[in-house]
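Quick caveat, the model's predicted, so the values are computed rather than measured.
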Amino acid sequence: MAKTNFKVIARKKRAQRIRTKVYGTAERPRMSVYRSNRHIYVQMIDDIRGVTLLSCSTGSKDFDAAQFKGKSEQAKEIGRMVAEKAKAAGIEQVVFDRGGNLYHGRIRSLSEGAREAGLVF
């Protein structure tokens with residue numbers, strides 16, 4: 001039987017607690033972030049209709065990870081890319097859902113990149 005990783009359980013509890021308070025609409029979608037050990041994924045979600053409006057990740061084919069020195073720089077560029085896609089789709093404001101992760105490191109870099117590109121949280 002596998003042991004339970006308490007860090008994973010704590011993150012899932014935080015994510016559930018956040019999700020009860022944060023929801024997105026068509027005018028102000030939820031910017032959901034998932035961070036794995038290797039990649040970072042971002043989605044803009046309209047929770048009322050249950051639709052993903054757009055997404056972006058470091059694992060996508062249009063993203064070249066070799067141009068950046070570390071994962072935090074990659075996350076910052078993903079934040080810029082998702083902000084540009086959102087502006088092209090007519091989205092100016094979002095609700096930030098950090099997915100239970102602490103606002104530190106790659107999550108912080110991603111949000112700073114999105115803010116620099118003009119997205120309002």
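- We find the CZ-OG distance between Arg98 and Ser111 to be 11.0 Å, quoted to the nearest 0.5 Å.
- Under the 4.5 Å side-chain heavy-atom criterion for ILVMFWY residues, a single connected hydrophobic cluster contains both Tyr103 and Val33.
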Does the side-chain contact (heavy atoms from CB on, under 4.5 Å) test come out yes or no for Lys69 and Gln74, once each step is laid out?
CA-CA 8 Å; Lys69 189 173 181 179; Gln74 291 177 7; over 6 Å; no
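- Annotation: the span from Leu54 atom CG to Glu84 atom CD amounts to 12.0 Å, rounded to 0.5 Å.
- Using a 4.0 Å cut-off between charged side-chain N and carboxylate O, Glu112 and Arg108 make a salt bridge.
- Remark: Arg28 does not engage Glu92 in a salt bridge, criterion side-chain N to carboxylate O under 4.0 Å.
- Annotation: the span from Gln93 atom CD to Thr25 atom OG1 amounts to 9.5 Å, rounded to 0.5 Å.
- Classification of the Phe96-Phe121 ring pair by plane angle, with boundaries at 30° and 60°, yields parallel.
- Atom OG of Ser72 sits about 7.0 Å away from atom CZ of Arg106, to the nearest 0.5 Å.
- The backbone N or O of Ile40 lies less than 3.5 Å from no partner atom in the side chain of Lys71, so there is not a single donor-acceptor pair.
- Arg11 places a side-chain N or O within donor-acceptor distance of the main-chain N or O of Gly99, the cut-off being under 3.5 Å.
- Of all heavy-atom pairs spanning Ile91 and Leu119, the tightest one is O-CD1, 4.0 Å.
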Can you list the steps and then say if Val51 with Ile45 is a side-chain contact (heavy atoms from CB on, under 4.5 Å)?
CA-CA 6 Å; Val51 177; Ile45 303 170; over 6 Å; no
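- Panel note: side chain Lys85, backbone Ser55; a donor-acceptor pair is recorded below 3.5 Å.
- Heavy atoms only, all atoms of each residue included: Met44 and Ala86 are closest at CE-CB, 4.0 Å.
- If you check the side chains of His39 and Thr58, you find a donor sitting under 3.5 Å from an acceptor.
- Within a 6.0 Å radius of CZ in Phe63, other residues, nucleotides and ligands contribute more than 12 heavy atoms.
- Arg14 places a side-chain heavy atom less than 4.5 Å from the side chain of Leu102.
- Of all the heavy atoms in Leu53 and Arg49, the pair that sits closest is CD2-NH2, 3.5 Å.
- The closest donor-acceptor contact from the side chain of Ser109 to the backbone of Gly105 lies under 3.5 Å.
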